[in-house]
Protein chains: 4
Amino acid sequence: MLRKTKAMNRLKVGVLGATGAVGQKFIRLLADHPWFEIAAVAASSRSAGKPYAEAAHWIEPIPVPEAVAGMTVRACEPEALPEVDFVFSGMDAAVAGDIERRFAEAGIPVVTNARNYRREAHVPLLVPEVNPDHIAQIAHQTFDPSGRGFIVTNPNCVCVPLVLSLKPLADAFGIDSVVVTSMQAVSGAGYPGVPSLDILGNVVPYIGGEEEKIMWEPLKLMGELQADGTVQNSTIGIHASAYRVPVVEGHLLSVLVKLATPGVSEQDAQQAYADWQSPLAGLDLPSAPEQPVLLYDEPRFPQPKLHAPNENGMQVTMGRLRKAGLFDFAYTALGHNTIRGAAGGAVLNAEMLVAKKRIRSRN
Amino acid sequence: MLRKTKAMNRLKVGVLGATGAVGQKFIRLLADHPWFEIAAVAASSRSAGKPYAEAAHWIEPIPVPEAVAGMTVRACEPEALPEVDFVFSGMDAAVAGDIERRFAEAGIPVVTNARNYRREAHVPLLVPEVNPDHIAQIAHQTFDPSGRGFIVTNPNCVCVPLVLSLKPLADAFGIDSVVVTSMQAVSGAGYPGVPSLDILGNVVPYIGGEEEKIMWEPLKLMGELQADGTVQNSTIGIHASAYRVPVVEGHLLSVLVKLATPGVSEQDAQQAYADWQSPLAGLDLPSAPEQPVLLYDEPRFPQPKLHAPNENGMQVTMGRLRKAGLFDFAYTALGHNTIRGAAGGAVLNAEMLVAKKRIRSRN
Amino acid sequence: MLRKTKAMNRLKVGVLGATGAVGQKFIRLLADHPWFEIAAVAASSRSAGKPYAEAAHWIEPIPVPEAVAGMTVRACEPEALPEVDFVFSGMDAAVAGDIERRFAEAGIPVVTNARNYRREAHVPLLVPEVNPDHIAQIAHQTFDPSGRGFIVTNPNCVCVPLVLSLKPLADAFGIDSVVVTSMQAVSGAGYPGVPSLDILGNVVPYIGGEEEKIMWEPLKLMGELQADGTVQNSTIGIHASAYRVPVVEGHLLSVLVKLATPGVSEQDAQQAYADWQSPLAGLDLPSAPEQPVLLYDEPRFPQPKLHAPNENGMQVTMGRLRKAGLFDFAYTALGHNTIRGAAGGAVLNAEMLVAKKRIRSRN
Amino acid sequence: MLRKTKAMNRLKVGVLGATGAVGQKFIRLLADHPWFEIAAVAASSRSAGKPYAEAAHWIEPIPVPEAVAGMTVRACEPEALPEVDFVFSGMDAAVAGDIERRFAEAGIPVVTNARNYRREAHVPLLVPEVNPDHIAQIAHQTFDPSGRGFIVTNPNCVCVPLVLSLKPLADAFGIDSVVVTSMQAVSGAGYPGVPSLDILGNVVPYIGGEEEKIMWEPLKLMGELQADGTVQNSTIGIHASAYRVPVVEGHLLSVLVKLATPGVSEQDAQQAYADWQSPLAGLDLPSAPEQPVLLYDEPRFPQPKLHAPNENGMQVTMGRLRKAGLFDFAYTALGHNTIRGAAGGAVLNAEMLVAKKRIRSRN
C-alpha cells in the first residue's frame with residue numbers, strides 16, 4: 001500500500017485487540033510498512049496462547065500476512081509485550097480504558113482507535129491534516145511521569161471525512177453550522193456486527209451512540225489548543241443523523257454547511273479546495289495520501305464502491321458542492337471507515353508522532 | 001389489498017403505460033378493486049396488439065391477474081378506449097404530456113402519476129389527506145369545454161412521505177423550513193432502471209431532476225387554493241439531497257424541520273401526531289389507510305424492508321422524532337415509493353374523485 | 001393468510017421458543033388461524049416473565065399481533081402451560097431435545113421444527129403431501145403411556161422443496177439418484193445469524209451440518225412405513241452441496257435427477273407434474289396450498305424474491321425442467337424456507353394431525 | 001498490478017470496444033503494463049471522435065488512466081489504427097465477427113474476448129496454463145496469407161475456473177464427467193447489464209446461452225491438437241446449470257467430478273493439486289499468477305468477495321475438495337470473471353503469444 005519506502009530500522013509495534021475487525025485491518029496495513037514492524041499481537045484471554053491464524057476469524061480480502069499468521073497471541077498486558085516501541089489499539093471500548101492506561105503508565109505510547117480517551121482533557125483527538133498542533137497535549141499527560149508513555153486517539157469514523165471535508169472551507173471562510181446525514185457501511189459495526197437479516201435490502205435509521213460522537217468530536221478536532229494543554233472546543237453548531245446502509249466499506253455523508261463569511265460564491269468555495277494545502281506536505285509520511293481531499297465534478301461521484309479505496313483508503317472524496325437554499329453549501333463526502341476512519345487513521349497518527357519525534361525506538 | 005368492499009357497479013378504467021413498472025403496479029392494485037374494473041390496457045406501439053402477458057416483462061411478485069393477462073394491449077389513444085369511464089396513466093414523462101391532454105380533451109378524466117402537468121396552474125397536485133380542497137381546481141381546467149375531461153396528478157414519490165409527515169406539524173404549529181436527505185429505493189427508477197453494477201453494495205449521491213421536484217412540489221401541495229382556481233404556493237424553505245440506496249421498495253427520509261411557532265416541546269410535537277385527523281376519515285375510500293401517518297417509538301424504526309408494506313403500502317411511517325439543535329425537530333420518514341408514492345397514490349386520488357362525484361360512470 | 005375459515009372452538013396452542021426467529025414466524029402464522037389460538041408463549045429463562053413484545057427482538061414485517069404482544073412469556077416447562085392442547089416448538093436444537101421430551105411425557109403433543117428427533121425410529125418426519133401415512137408412527141412412541149403425548153417433526157428447510165419437487169417424478173417413474181446444489185437464504189440461519197460482513201455481495205460455500213441433513217432426511221421422507229412403526233429408508237442416492245447467498249427468504253435448488261425408469265421424455269415428465277394430486281386434496285386444511293408444486297414454463301422463473309411468497313409461502317415452485325445429459329432431468333426448485341420449510345410446515349403438520357384426530361381438545 | 005517488470009520497447013496495442021465494460025477492464029489492466037502500451041482506443045460510431053473520458057461511462061474503481069483519458073476514440077477499422085502491433089477486442093458478439101476478421105485480414109493479430117470465433121476449426125480457444133500447445137493452430141488460419149494476422153480467443157468466464165480447477169485432476173487421473181452449477185456475478189452481463197430490480201436480494205435461475213458455452217468450450221480447451229491444426233474435442237461429459245447471484249465480481253462454481261481412474265482417495269486428489277506445475281512456470285509472463293490454482297483447506301473458502309481479487313484477479317481458487325457419493329469428488333471453484341475470465345485472460349494470452357514470438361513489433 002505504500003508508495004514511499006525508506007531504509008530505516010523499523011520500530012517494533014504491538015497490536016492490541018489484534019483478532020477483531022479493527023485489529024485485522026491494522027495487521028493488513030502494517031504488513032509491509034516501511035517504518036513499523038509487527039513485533040507482537042495481543043488479544044483477550046480467549047485468544048491468548050493460540051497462533052494468530054487460528055485465533056482470528058480472518059475477514060480481510062487478502063491472506064493473513066505470513067509474518068503474523070504463526071505468531072502466538074499474547075495477553076493485553078504491558079509485561080507481555082516487553083519488546084515493543086509502541087502499540088496500536090483496536091480494542092473494544094468495553095476493555096480499552098483500563099488496558100490502554102496501563103500501557104501508557106508502563107511507558108509505552110498508545111495510538112488507539114478506541115473512543116475511551118477521546119474526551120480526556122489532555123489526550124489529543126487527532127486527524128493529522130486538521131489539528132497536528134494538538135500533539136502538544138501529550139506533554140501534559142500524567143499517565144507516565146517519565147513522559148515516555150502517552151495516549152493519542154483518532155476520532156469516530158464519520159468525523160474524519162466530516163472534518164477533512166470541512167477543513168478547506170473552515171480555513172478560508174470559517175464555519176457557522178453543519179448538518180450531516182450519514183449513510184454508514186456495515187463494517188463500522190465490527191464483526192459479527194450487523195446481522196444480515198437487518199440490513200440486506202434495507203436501511204436502519206439508528207446507530208446507538210453515533211450521533212453524539214459526530215456532534216461532539218469535530219468540536220474538539222477544530223478547537224484551539226490552549227497554553228495549559230487543553231483544547232478550547234469550537235462553537236460550530238452541528239446536527240447529525242446516522243443511518244446504516246447495505247454497503248461494506250465507506251461512510252457517505254450528505255452535508256449542509258453555513259459559513260461564517262456571508263456571500264461566498266460556488267466558485268470561491270471550489271477555489272478553497274483547490275488552494276488548500278495539507279500540513280503534512282513535505283513530511284513524507286508513508287500512509288499520508290497525496291491529496292487528502294479530492295473534490296469531483298462528476299455529479300454521480302463519489303460512491304463508496306468506487307472511491308472508498310482511493311489512495312489506499314486514505315483519501316476523503318467529495319462531490320456535488322453546490323449552493324444550498326437554507327444554508328450556504330451542500331455537498332457529499334466519503335471516507336473509508338475502517339481505513340481512513342479507523343486503523344489507517346491511527347497508523348497515520350503514529351507516523352506523524354514518529355516524524356515529530358514523539359515516538360522513538362526504545363533501544 | 002382492500003378491507004372495505006361494497007356492492008356497486010364498478011367503473012371501467014383504462015391503464016395507460018400498462019406494461020411499464022408503474023403500469024404493472026396499477027394492474028396489481030386494481031386486480032380486486034371494489035369500485036374499479038380494468039376495461040382496457042394501453043401502451044406504446046411496440047406492445048399494442050399483443051396479449052398483455054406477452055407484451056409486459058412482468059416484475060411484480062404475484063402472477064399477472066388472470067382478467068388482464070389475456071387482454072390485447074391497445075394504442076394510447078382516446079379512440080382506442082371508447083368504453084372507459086376514466087384512465088390511470090403510468091406513462092413516461094417523455095410521452096405522457098400529449099397523450100394525457102388528448103384524453104382530457106376527449107372528455108376522459110386522467111388520473112396520472114406522470115410529472116408533466118404537476119406545475120400547471122389549474123391541475124391539482126394531490127395528496128388526498130393533505131390538500132383535498134385542491135380538487136376544486138378541476139373546474140378551471142380548459143381541456144374539455146364540457147367539463148367531463150380533466151387531469152389530476154400525484155406528486156413525486158419522495159414528496160408524499162415528506163408532506164404527509166409534515167402535515168400534522170404544519171397544522172399544529174406551522175412550518176418555517178425543512179431539510180431532507182432522501183435514501184431512495186431502486187424501484188423509483190422503473191425497469192430496467194438502475195443497473196445492478198451501479199448499486200450493489202453502493203450508494204449513488206445523485207438522482208437527476210429529483211431534488212428540484214422535492215424542493216418545489218411540497219410548496220404547491222401545502223399551498224392555498226385561490227378563488228381563481230390557482231394555488232398560492234407555500235413559502236416554506238426546503239432543501240433536498242437525494243441519494244439512491246440498494247433497497248427495492250421504500251424511500252427513507254432524514255428530515256429536519258424548523259417550526260413557525262417557537263418553543264414547541266417534544267411532547268407537544270408527538271401530541272400533534274396523536275391528535276391529527278385525516279380529512280379522509282368517514283369517506284370510506286377503499287385504498288385509504290386506517291392511519292395515514294404512524295409514528296414509532298422504537299428508535300430502529302421505520303425501516304424500508306419492515307414497514308414500507310404497512311397498510312398495503314399506503315401508510316407513511318415515522319420514527320426518532322426528536323429535538324434537533326440547529327432546527328426544532330429531526331425525524332425519519334418512510335413511504336412505499338411505487339404504491340403510496342405512485343400507483344397507489346393515484347388510485348386513492350381517483351377514489352376521492354369518485355367520492356366527490358368528479359368521476360362518474362359515463363353510462 | 002388463510003382462505004378457508006370454519007367455525008369451531010379453536011384449539012389452544014403454546015409456542016415454545018417463541019422469541020426466536022422461528023417462534024416469531026409461528027406467532028405471525030397463527031395470528032388469525034381458524035383452528036388454533038395462541039394460549040401461551042414460552043422461551044428461555046432470559047425472556048420468561050417479560051411481556052412478549054419486550055422480550056422478543058421482533059423482525060417480522062408486520063407488527064406483533066396484539067393478542068400476543070402483552071402475553072407474559074412463560075418458562076418452557078409443561079407445568080407452565082397447563083391449558084394448552086398441544087405445542088409448536090421453534091426452539092434451538094441445543095435445548096429442544098429435553099424440553100420436547102418432557103412435554104410429550106406430560107401428555108402434550110409436540111409439533112416441532114427442531115431437528116433433535118427427526119432420526120428417531122418412531123418419530124414421524126413429515127411433509128403432509130409426501131408421506132402422510134407416516135403419522136401412524138405416533139402410535140409406537142413411548143414418551144407417554146397414555147398415548148396422548150407424542151412428537152412429530154418437519155424436515156430441514158431444503159428438504160421440503162426437494163422432496164415436494166421430486167414427489168411427482170417419484171410417483172410416476174421412481175427415482176434412482178439426485179444431485180442438488182442449494183442457494184440458501186440468510187433467514188435459514190436465524191437471528192442474528194449470518195453477519196452482514198460475510199454475505200453482502202458474497203456467496204459462502206459452506207453451511208455447517210446442512211449437507212448431511214439434505215442427504216439423509218429425504219431418505220426417511222420417501223421411505224416405506226413398516227408394520228412395527230419404523231420406516232425403511234429409501235435407497236435413492238443423493239449428493240448435496242449447500243451455499244449461502246444474499247437472499248432474505250427462499251431457498252433455491254439446482255437439481256439433477258436420474259429416474260428409475262429409462263427413456264422418460266420431457267413431455268412425460270411435465271405430464272407427471274400436471275397429473276400429480278396432493279393427498280391433502282379434500283381435507284380442507286387451512287394452511288394447505290391449493291397447488292403444492294407449481295412448474296413454470298418461463299425460464300427465468302422461479303426466483304426467491306418473486307415466488308417464495310406464493311400461496312402465503314406454502315407453495316413449492318419449479319422451473320426449467322429439461323433433459324440433462326449425464327442424468328435424466330435438470331430443474332430449479334424453490335421453497336420459502338421459514339414458512340414452508342419451517343414454521344408453516346409445522347402448522348400444516350398440526351392441521352393434518354387434527355384432521356386425522358391425532359390432536360384433539362383436552363377439555 | 002504487475003510484479004515482474006523488464007525493460008523493453010513496449011508493443012503498441014489497440015483496444016477495440018474500448019468504452020464497454022470489458023474494454024474498460026482492458027484499459028485498467030494495461031495502464032502500467034511492462035510489455036504493452038495502449039496506442040489507440042476504438043469503439044462504435046456513437047463514441048468515435050470523442051475524448052475517451054467523455055465517451056466512456058467509466059465504472060472501474062480507479063480513475064481513467066491519464067494516458068488514455070484524453071485519447072480520441074477511433075472507429076473500429078484497421079485503417080484507423082495504423083500504428084498498432086496487435087489489438088485486444090472487448091466488443092459485443094453482435095459486431096465482433098466482421099470487425100475482428102477485417103483486422104486479421106489486414107495483418108493485425110486479434111486477441112479477443114468475444115465468442116464469435118471460439119468454435120472455428122483453426123482458431124485457438126486458449127487458457128495458457130491448460131492448452132498452450134493450441135497456439136499452433138494459428139499457422140493454419142487463412143485470414144491473412146502473409147501469416148501476420150490471426151485471431152486467438154479466450155473462453156467464457158465460467159469455463160476458465162472450471163478447466164483450471166479440473167486440470168490437475170485431468171492430468172493425474174483423467175476425467176470422465178462433470179456436473180457444474182454456477183453462481184455468477186452481475187459483472188458478467190456487462191453494463192448496464194442486469195437491472196438491479198431483478199437481482200437485489202434475489203437469484204435468477206437462467207442466463208441465456210450460458211450453459212451451452214459451459215458444456216462445449218471445455219471440450220475444445222481439453223481437446224487434442226491434431227496435425228491438421230484442428231482440435232479433437234474431449235469426450236468428457238459435462239452438465240451445467242447457470243444462476244445469477246447478487247455478487248459484483250467472481251463466478252463461484254459447485255462442481256462434481258467423476259474421474260477416469262477409479263478409487264482415487266481424497267489425499268491423492270489433494271496431492272494432485274500440490275504436485276501440479278503450470279506450463280507457464282519460467283516464462284515470466286507479467287500477468288501470470290504465481291499459483292494459477294489455489295486449494296483452500298478452510299471449508300468457508302473460497303468466497304467471491306474475499307478471493308476473487310487474489311493475485312490481481314488471475315488466480316483460480318478452490319475449496320471443500322471432498323469425496324462425493326454419486327461421483328468421485330465435489331469441490332467449489334472461483335474465478336474473477338472480468339479479469340481471469342475475460343480481459344485478464346486475453347492479456348495473458350497475448351503475453352504468451354509474445355513469449356512464443358507469435359506477436360512481434362511491426363517496426
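Order of the sequence lines sets the chain letters (A, B, ...), proteins ahead of strands, with each chain counted from 1. Small disclaimer: the values here were computed from a predicted structure and weren't measured.
- Looking only at heavy-atom pairs under 4.5 Å with chain B, the residue among A:Val204, A:Val203, A:Leu334, A:Leu306 that has the most is A:Val203.
- In this structure, B:Arg244 CZ and A:Gln303 CD are separated by 12.0 Å, a value rounded to the nearest 0.5 Å.
- Proximity to chain A is limited to the backbone of B:Phe301, based on heavy atoms less than 4.5 angstrom apart.
- Remark: A:Arg115 CZ is loosely packed, at most 12 non-hydrogen atoms of other residues, nucleotides or ligands lying under 6.0 Å away.
- Residue contact with chain B, scored on non-hydrogen atoms closer than 4.5 Å, is absent for A:Ala308.
- The neighbour count for A:Glu266 CD, taken as heavy atoms of other residues, nucleotides or ligands under 6.0 Å away, is above 12.
- Most heavy-atom pairs under 4.5 Å with chain B, from the set A:Ala330, A:Ala324, A:Gly325: that is A:Ala324.
- Rounding to the nearest 0.5 angstrom, the gap separating the CG atom in A:Leu326 from the CG atom in B:Leu326 is 12.0 Å.
- For A:Val186, no part lies under 4.5 angstrom from a heavy atom of chain B.
- Ranked by heavy-atom pairs under 4.5 Å with chain A, the list B:Leu256, B:Val245, B:Ile207 is led by B:Leu256.
- In this structure, chain B has no heavy atom under 4.5 Å from any part of A:Tyr296.
- Looking at A:Glu298, neither its backbone nor its side chain comes within 4.5 Å of chain B, counting heavy atoms on both sides.
- No side-chain heavy atom of A:Tyr243 sits less than 4.5 Å from a side-chain heavy atom of B:Thr181.
- To the nearest 0.5 Å, the span separating NZ on B:Lys323 from NE2 on A:His239 amounts to 11.0 Å.
- If you measure heavy-atom distances from A:Ile238 to chain B, the contacts under 4.5 Å come from the backbone alone.
- In terms of heavy-atom pairs under 4.5 Å with chain B, the best-connected choice from A:Pro302, A:Ala240, A:Gly250 is A:Pro302.
- Between the A:Arg320 side chain and the B:Tyr206 main chain, no donor and acceptor come within less than 3.5 Å of each other.
- In terms of heavy-atom pairs under 4.5 angstrom with chain B, the leader among A:Ser241, A:Gly208, A:Ser254 is A:Ser254.
- Ranked by heavy-atom pairs under 4.5 Å with chain A, the list B:Ala185, B:Pro304, B:Ser177, B:Gly237 is led by B:Pro304.
- The distance from atom CG of B:Asn202 to atom NE2 of A:His307, rounded to the nearest 0.5 Å, is 9.0 Å.
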